[in-house]
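Right, one structure below, let's go through it.
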Amino acid sequence: MLVGPKPKNKWIFNLWIKRAAFIVLDVACVYMAYLFTLLFRFGGEVPPEFLSAFYSMVIFILPVHIACNAVFSLYNSLWEHAGLNELVTIVFSCALSALITYGIAVVTQNMLPRSVYIAAGLILILLFGFSRMGYRVIRRFVNGHYFPALRQKQNVLIVGAGDTGAALVKQLVDGSSKGVMPIGFVDDDPEKRGAHLYGLKVLGSTDEIPLLVRKYDVHEIIFAIASSTSETRRRILDICTQTGCRMKIIPGLEAMLGGVDIKRMRDVNVDDLLARKPIELDMENIRTYLTGAKVLVTGGGGSIGGELCRQIARFQPDKLIIFDIYENNAYELYMDLKREFGDALDLEVLIGSVRDRERVNEIFLQYKPDVVFHAAAHKHVPLMEQSPAEAVKNNVNGTVNVAKAADEAGVKRFVLISTDKAVNPANIMGATKYLCELVMQYMNQTAAHTRYVTVRFGNVLGSNGSVIPLFKRQIEAGGPVTVTHRDITRYFMTIPEAAQLVLQAGSMAEQGEVFILDMGQPVKIDDFARTFIRLSGYEPDVDIKIKYTGLRPGEKMYEELWQSMETQGESTFPGILIGRTYPLGAAQIGRNINYIQKKVEQDSKNVYRYMEEVVPTYHHGASGAE
């Protein structure tokens with residue numbers, strides 16, 4: 001049965017019940033504090049004139065204290081999370097109440113001894129504080145914090161004894177999260193070793209996590225270091241994956257902005273294990289060319305194209321045009337964007353193929369976009385090996401159609417989404433993307449209006465056809481998880497990261513650059529698969545088997561990011577490199593493109609041989625297994 005949020009009316013009713021209870025308790029505390037102080041002042045025998053003055057003043061004393069408490073929000077605070085700030089507020093409220101009460105007594109001539117006002121105020125600080133802290137203690141008692149042996153909760157280990165970890169534990173021990181109980185911290189700061197934070201001890205360093213998990217029967221580990229480097233995060237999470245515990249993480253940005261909230265805590269995923277520095281975009285340069293512009297994204301319903309559309313929408317374009325042949329993905333993206341941006345986003349979704357020259361020309365003439373991101377392509381290597389002519393028609397012919405239509409329509413910037421498989425290609429898909437990059441060189445030499453650039457990067461985590469969806473399906477089926485070779489490596493990047501860098505590269509476009517995204521260090525797919533299995537709560541080779549299937553047709557052992565004729569150049573933006581090459585002449589490129597297009601139409605069965613003639617580094621069947 002699904003459990004939803006409490007009904008609003010019930011929540012408001014419970015809130016007012018709690019406030020009323022505190023008000024009644026405060027009235028009793030004020031009455032007793034003043035009466036006790038008066039009795040103590042006179043040794044239990046209060047002179048009649050002072051007793052009469054007290055009863056005359058009570059009608060002022062009680063509402064003054066309650067009103068001051070209300071002004072200082074003592075009835076609005078979440079006392080289950082009370083701390084030093086709330087106690088300071090109580091002090092200010094009591095001090096102000098004593099001053100006002102004394103002032104009323106002077107005016108009404110119902111004076112009590114001055115010491116009574118001071119002593120009663122001090123006593124009330126203690127009574128108000130104890131009543132609030134008592135509420136917190138009762139909650140913690142009910143939640144089993146003081147008697148761990150009696151509670152039915154699972155032990156949690158917190159990584160990081162800093163501000164984020166402290167804020168997290170404060171919420172956990174106060175009962176904000178049901179079913180879990182923190183048992184301590186780990187932290188690599190030697191000065192924190194053995195220290196206590198919110199009653200919990202720093203048990204050791206991160207290297208000791210496996211030992212502590214066994215010693216304290218830990219079921220869950222929460223990573224709560226907001227300012228850790230990507231390398232540190234990956235090292236620690238790698239250790240955690242070896243324990244078999246469930247793993248959660250506090251999003252670093254929210255924690256650094258002071259927004260630690262266990263409701264935003266999420267499961268650790270493979271994205272967190274990438275050793276990558278956070279991207280800090282040059283928002284102003286991106287805004288300059290996207291805000292108020294008409295932007296067309298081909299292949300907009302795909303993984304990269306869809307994320308580009310989401311990122312572009314945040315920059316308030318004049319119009320966003322999504323062009324895709326697959327209507328289901330395009331429709332889902334349309335609904336997502338409309339749900340998030342509403343009428344603030346002028347959005348068009350157009351169905352069609354980049355292979356259809358007339359349809360492409362029609363769209364460009366009608367909408368006249370300012371910026372084009374060309375992400376439409378066939379990308380699945382094994383499938384394209386079986387249908388090479390289709391790869392040429394869609395990738396090469398489609399790019400030619402869109403690139404030429406862009407110049408004829410006066411487009412300012414054209415960004416081609418390429419792949420590392422275009423470098424020394426060992427498969428048809430990579431060879432067609434190499435030709436797409438040549439089309440960009442051709443257009444830069446012949447176009448009258450448009451600046452063309454290429455953005456090249458490796459595998460994108462979570463995209464359609466990537467290893468994550470495949471591994472997930474295989475694990476859900478009980479295995480085995482298939483890996484082609486023990487030593488095969490790939491570059492990886494997250495979908496949002498790739499899209500952000502593509503937008504950044506677009507802002508840097510001048511004429512014909514090949515922007516290569518810094519992919520960090522290549523990752524062994526075998527290691528990646530084992531980590532993914534552990535993140536899913538299983539032990540590789542025990543619960544889920546790993547099966548090595550051998551390299552597929554056209555698959556390389558490792559990918560490259562640079563062509564042999566390219567020289568590496570630094571861009572002005574970290575995370576983006578520039579590949580400078582000696583371009584072929586437009587005439588030569590034109591002849592090669594026309595040749596492959598013509599041959600594919602005439603003899604689709606021998607595309608491999610024709611491709612070897614126009615792509616010097618492509619050799620059919622060179623899988624790289626040696």
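Throughout, numbering of the chain's residues begins at 1 and tracks the sequence.
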Going by an N to O cut-off under 4.0 Å, is there a salt bridge joining Asp420 and Arg490?
-> no
Going by distance alone, is a donor N or O of one side chain under 3.5 Å from an acceptor N or O of the other, for Tyr452 and Asp407?
-> no
Under 4.5 Å between any side-chain heavy atoms of Asn397 and Val600, yes or no?
-> no
So how far is it from Met429 CE to Leu383 CG, rounded to the nearest 0.5 Å?
-> 11.0 Å
Going by heavy atoms in the side chains, are Tyr367 and Lys319 under 4.5 Å from each other?
-> yes
Hey, are the side chains of Ile544 and Phe471 touching, using non-hydrogen atoms and a 4.5 Å cut-off?
-> no
Just by distance, do the side chain of Asn424 and the backbone of Thr617 share a donor-acceptor pair under 3.5 Å?
-> no
Any donor and acceptor pair, going by atom type alone, linking the side chain of Thr298 with main-chain N or O of Ala375 inside 3.5 Å?
-> yes
Salt bridge flag under 4.0 Å for residues Glu390 and Lys393 | yes
Pair Arg456 + Glu437: basic N to acidic O under 4.0 Å | yes
Compare all side-chain heavy atoms of Asp541 with those of Ile546 and state whether any distance is below 4.5 angstrom.
-> yes
Is the backbone N or O of Gln316 less than 3.5 Å from a side-chain atom of Arg287, with the two atoms forming a donor-acceptor pair by type?
-> no
To the nearest 0.5 Å, atom CZ of Arg235 lies from atom CG of Leu237 at 10.0 Å
Within-4.5 Å side-chain heavy-atom neighbours: Val415 and Val455 | yes
State, yes or no, whether a side-chain contact exists between Arg359 and Leu350 at a heavy-atom distance under 4.5 Å.
-> yes
Show the numbers, then the answer: is there a side chain to side chain donor-acceptor pair (under 3.5 Å) between Ser507 and Asn285?
-> CA-CA 6 Å; Ser507 73; Asn285 278 344; 5.0 Å; no
Does Arg530 pair with Asp527 as a salt bridge, N-O distance under 4.0 Å?
-> no
